[in-house]
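One structure is given here, and the rest of the page talks about it.
Quick caveat, the model's predicted, so the values are computed rather than measured.
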Amino acid sequence: MQLPALSFEFFPPKTEEGRLKLAATRKRLLAAKPEYFSVTFGAGGSTREGTLQTVADIHAEGHTVAPHISCIGATRDSIRQLLETYHSLGIRKIVALRGDLPSGYGAGGEFRHAIELVEFIRNEYNDFFEIWVAAYPEYHPQARSVQDDLAHFVAKMKAGATGAITQLFFNSDAYFHFVNQVQAQGVSQPIVAGIMPIENFSSVARFCDRDGAEIPRWMRRKFESMGDDASSIRSFATQTIADLVSQLASVGVPGIHFYTLNRAEPTLEILQALGHIEVG
Ligand SMILES: Cc1cc2nc3c(=O)[nH]c(=O)nc-3n(C[C@H](O)[C@H](O)[C@H](O)COP(=O)(O)OP(=O)(O)OC[C@H]3O[C@@H](n4cnc5c(N)ncnc54)[C@H](O)[C@@H]3O)c2cc1C
């Protein structure tokens with residue numbers, strides 16, 4: 001099956017061992033010919049050095065890399081410094097986010113919403129950076145209302161975003177409905193589907209319950225029915241996500257962004273099931 005552009009997201013490893021492991025993961029994922037890798041950034045700057053290091057590693061290998069920047073709790077100066085570093089390295093793709101401060105961190109900072117970061121980057125660097133932002137097909141968990149959330153998303157796109165990457169979802173209707181709604185409000189940029197391979201169902205379920213992504217009842221029940229049968233869980237997870245990607249690709253989704261959690265196998269198995277890469 002012909003797939004759209006693929007991208008793979010990593011989080012910055014905390015140890016030297018993790019850094020080496022991630023380099024090996026990257027090497028394996030190259031079989032899928034991704035358009036780029038992206039690297040998350042802990043809100044409040046908690047992973048600042050780790051993100052910079054991982055971005056520099058990927059860039060030094062000659063691959064396209066998109067650093068995430070989350071602005072909550074940050075000052076204009078600290079964001080300017082980060083952007084200057086990326087600018088001087090010739091990195092031109094950024095994923096611009098608000099982020100969620102850990103509890104007890106307090107408010108502070110000079111940005112309240114991602115739209116302010118988009119405006120800041122456009123003001124300071126014109127069109128140098130591609131700016132990708134976050135989208136929530138099932139709406140952001142803190143949104144006051146659906147209308148409010150859509151209006152904020154549309155404003156963020158119109159402030160100069162290149163495109164958006166969605167929160168993970170398992171219900172493709174939510175994605176199609178979201179895209180239709182924002183296109184009707186004049187958004188014409190690509191909205192890339194964020195896809196999470198399932199390796200550990202209970203941790204994915206916890207994440208979804210917290211971040212407001214629905215796991216369809218049939219899927220949840222099927223996983224729960226498998227108990228500890230790791231091989232059945234793995235093959236069902238692979239096939240279910242491959243079917244979702246296949247459905248999205250068949251209607252021309254502009255890109256698929258895999259939340260890899262720094263693991264190559266689950267993503268590669270999905271891409272093998274789709275015939276995108278050879279089984280090896
Ligand atoms: C692809 C992707 C990658 C991510 N990577 C990271 C990462 O690296 N680091 C990290 O910390 N987090 C990351 N996140 C999580 C993200 O930071 C959180 O979900 C956060 O809660 C929202 O970020 P946002 O950029 O969508 O915020 P915003 O666009 O600011 O929206 C957040 C909320 O505020 C509301 N809002 C927006 N503008 C306004 C306004 N002007 N007035 C009032 N309300 C408004 C929105 O409706 C929404 O409810 C990622 C999410 C995605 C989908």
TODO: Could you tell me whether H257 and Y259 have their ring centroids closer than 6.0 angstrom?
DONE: yes
[X] bridged to [Y] by N-O distance under 4.0 Å:
X    : Y    : answer
R122 : E119 : no
E110 : R76  : yes
R220 : D209 : yes

TODO: Kindly assign one of parallel, tilted or perpendicular to the pair F8 and F37, based on the angle between their ring planes and the thresholds 30° and 60°.
DONE: tilted
Task: Plane angle bin for Y125 and F128 - parallel if under 30°, tilted between 30 and 60°, otherwise perpendicular - done: tilted
TODO: Indicate the atoms forming the closest heavy-atom contact of F176 with L248, along with that distance.
DONE: CZ-CD2, 3.9 Å
TODO: Indicate the atoms forming the closest heavy-atom contact of A159 with V118, along with that distance.
DONE: O-CG1, 3.7 Å
Open item on the list: Just verifying a value: how many Å separate E35 CD and S7 OG, rounded to the nearest 0.5 Å?
Closed with: 7.0 Å
TODO: With side chain to side chain contact (heavy atoms under 4.5 Å, CB included) as the test, would you mind laying out the steps for R263 and T25 before giving the verdict?
DONE: CA-CA 6 Å; R263 301 257 308 129; T25 296; 5.8 Å; no
TODO: Indicate, with yes or no, if Y136 and M157 share a hydrophobic cluster defined by side-chain heavy-atom contacts under 4.5 Å among Ile, Leu, Val, Met, Phe, Trp and Tyr.
DONE: no
Open item on the list: With clusters defined by side-chain heavy atoms of hydrophobic residues (ILVMFWY) lying less than 4.5 Å apart, directly or transitively, does L244 cluster with L3?
Closed with: yes
Task: Under the salt bridge (Lys or Arg N to Asp or Glu O under 4.0 Å) test, residues paired with E116 that sit two or more places apart - done: R112
- [ ] Would you tell me whether Q142 and R98 have side-chain atoms, one donor and one acceptor, within less than 3.5 Å of each other?
- [x] yes
Can you give the donor-acceptor pairs under 3.5 Å from side chains of residues 61-73 to other protein atoms, not counting sequence neighbours?
{"residue": "E61", "atom": "OE1", "partner": "R26", "partner atom": "NE", "Å": "3.0"}
{"residue": "E61", "atom": "OE2", "partner": "R26", "partner atom": "NH2", "Å": "2.8"}
{"residue": "H68", "atom": "NE2", "partner": "S38", "partner atom": "OG", "Å": "2.7"}
{"residue": "S70", "atom": "OG", "partner": "F41", "partner atom": "O", "Å": "3.3"}

Open item on the list: Less than 6.0 angstrom from the centroid, inside 45 degrees of the normal: does K93 satisfy that with respect to the ring of F129?
Closed with: no
